Participant: 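Handing you a structure now.
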Amino acid sequence: MCAKRMPEGFLWGGATAANQFEGAWNVDGRAPSLTDVIPDGPNRMSVMKGERDYRTLPPDSRYPGRTAVDHYHHWEEDLSLFAEMGFKCYRFSVSWTRIFPTGEEGEPNAAGLGFYDRSVDACLAHHIEPLITICH
């Protein structure tokens, strides 16, 4: 059996989802999204189903989406590691509450757009093709 090579131009890469990766849920004008109010633990499903209001949970409740892996504060290092792994493509989603915090703004949040601009610029500097999804 003969081993096949990847086709010329194949984009080897990785992908992330903003709600599982970015963190910084209340930084630079970002407003909370649904994933920011879903707790870890026994109350998770009741909050997700709308049977319980997250605001009534004990103060020590943990919300993993709020911190995630904190890519928002470590994006330069993360993208350098992607380049070190030989990634040629990076597919990622955006946090819409980072761009339009309430969804009713006439203009996007400049700090939110700046974060994604810097991320795309870093990808290009590392020769990584950015591929942004509208919804993950």
Side-chain angles (χ1 to χ4, degrees):
M1 182 173 205
C2 177
K4 292 191 174 198
R5 293 179 182 246
M6 291 294 191
E8 186 71 30
F10 181 82
L11 295 175
W12 176 259
T16 60
N19 65 310
Q20 298 171 335
F21 195 60
E22 282 185 14
W25 72 289
N26 59 355
V27 175
D28 289 337
R30 185 185 181 278
S33 67
L34 290 174
T35 58
D36 300 320
V37 300
I38 298 173
D40 203 6
N43 294 308
R44 182 174 181 81
M45 289 308 295
S46 62
V47 171
M48 286 176 65
K49 291 178 180 180
E51 300 166 352
R52 183 150 188 202
D53 187 329
Y54 77 97
R55 293 170 287 202
T56 66
L57 298 179
D60 63 344
S61 296
R62 191 172 97 72
Y63 299 88
R66 292 180 179 184
T67 304
V69 298
D70 200 19
H71 174 71
Y72 190 81
H73 293 108
H74 300 278
W75 61 272
E76 291 174 284
E77 176 187 358
D78 293 341
L79 294 174
S80 290
L81 290 169
F82 278 21
E84 188 178 314
M85 289 187 285
F87 285 8
K88 298 297 178 199
C89 183
Y90 172 38
R91 180 185 57 83
F92 61 98
S93 62
V94 297
S95 173
W96 287 104
T97 57
R98 192 172 304 288
I99 299 173
F100 291 102
T102 68
E104 297 180 5
E105 292 80 7
E107 297 293 323
N109 174 21
L113 289 179
F115 169 68
Y116 295 116
D117 283 344
R118 291 187 301 278
S119 297
V120 167
D121 288 346
C123 285
L124 297 174
H126 287 295
H127 308 288
I128 296 171
E129 181 74 27
L131 177 63
I132 302 169
T133 59
I134 292 175
C135 182
H136 184 88

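Note that the numbering runs from 1 along the sequence shown for the chain. Small disclaimer: the values here were computed from a predicted structure and weren't measured.
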Participant: Does any N or O in the side chain of S46 come within less than 3.5 Å of the main-chain N or O of E51, such that one atom is a donor and the other an acceptor?
Facilitator: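 Here the side-chain-to-backbone pair does not exist.
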Participant: Check for me, please, whether L11 and F82 land in the same ILVMFWY cluster - side-chain distances under 4.5 Å, paths through other members count.
Facilitator: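 No, separate clusters.
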Participant: Kindly work out whether a path of hydrophobic side-chain contacts (I/L/V/M/F/W/Y, heavy atoms less than 4.5 Å apart) joins L81 to Y90.
Facilitator: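 In one cluster: no.
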Participant: Do S95 and Y116 have side-chain heavy atoms sitting under 4.5 Å apart?
Facilitator: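 Yes, their side chains come closer than 4.5 Å.
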Participant: Indicate every side-chain donor-acceptor pair of residues 118-133 with a distance under 3.5 Å to a residue at least two apart or in another chain.
Facilitator:
residue	atom	partner	partner atom	Å
R118	NH1	G114	O	3.2
S119	OG	F115	O	3.0
T133	OG1	F92	O	3.4

Participant: Does any part of the side chain of R52, heavy atoms only, come nearer than 4.5 Å to the side chain of N43, both counted from C-beta?
Facilitator: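 Side chain of N43 against side chain of R52, heavy atoms only: contact under 4.5 Å found.
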Participant: Do the side chain of R30 and the main chain of W25 share a donor and acceptor less than 3.5 angstrom apart?
Facilitator: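 Pair found, side chain donor or acceptor close to backbone of W25.
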Participant: How long is the span from the OG atom in S93 to the CD atom in E22, to the nearest 0.5 Å?
Facilitator: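 It comes to 7.0 Å.
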Participant: Using a side-chain heavy atom cutoff under 4.5 Å and only I, L, V, M, F, W and Y, what cluster partners does L57 have?
Facilitator: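 Taking Ile, Leu, Val, Met, Phe, Trp and Tyr as members, L57 shares its hydrophobic cluster with V37, V47, Y54, Y63.
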Participant: Check L113 against P108 and note the closest heavy-atom contact, atom names and distance.
Facilitator: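 Shortest heavy-atom separation between L113 and P108 comes out as CD1-CG, 3.5 Å.
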Participant: Quick one: does any side-chain atom of D70 pair with a main-chain N or O of T67 as donor and acceptor, under 3.5 Å?
Facilitator: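 No.
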Participant: As an exercise, state the distance from CE of M85 to CH2 of W12, rounded to the nearest 0.5 Å.
Facilitator: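 CH2 of W12 is found 10.0 Å from CE of M85.
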Participant: Quick one: does any side-chain atom of N109 pair with a main-chain N or O of D28 as donor and acceptor, under 3.5 Å?
Facilitator: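 Yes, the answer is positive, given that a donor and an acceptor are paired below the 3.5 Å cut-off.
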Participant: Got a second to check how far K49's NZ is from R44's CZ, nearest 0.5 Å?
Facilitator: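 Between atom NZ of K49 and atom CZ of R44 there are 12.5 Å.
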Participant: In terms of ring plane angle, is the pair W96 and F100 parallel, tilted or perpendicular, where the classes change at 30° and 60°?
Facilitator: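 The arrangement is parallel - the two ring planes meet at less than 30°.
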Participant: Rounded to the nearest 0.5 Å, how far does CZ of R66 lie from CD1 of I38?
Facilitator: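 Those atoms lie 11.0 Å apart.
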Participant: If you group Ile, Leu, Val, Met, Phe, Trp and Tyr by side-chain heavy-atom gaps below 4.5 Å, do V27 and V94 land in one group?
Facilitator: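 They do share one cluster, since a chain of ILVMFWY contacts under 4.5 Å joins V27 to V94.
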Participant: If you compare all heavy atoms of P101 against all heavy atoms of G29, which two are closest, and at what distance to 0.1 Å?
Facilitator: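 Heavy-atom minimum between the residues: CG-O, 3.0 Å.
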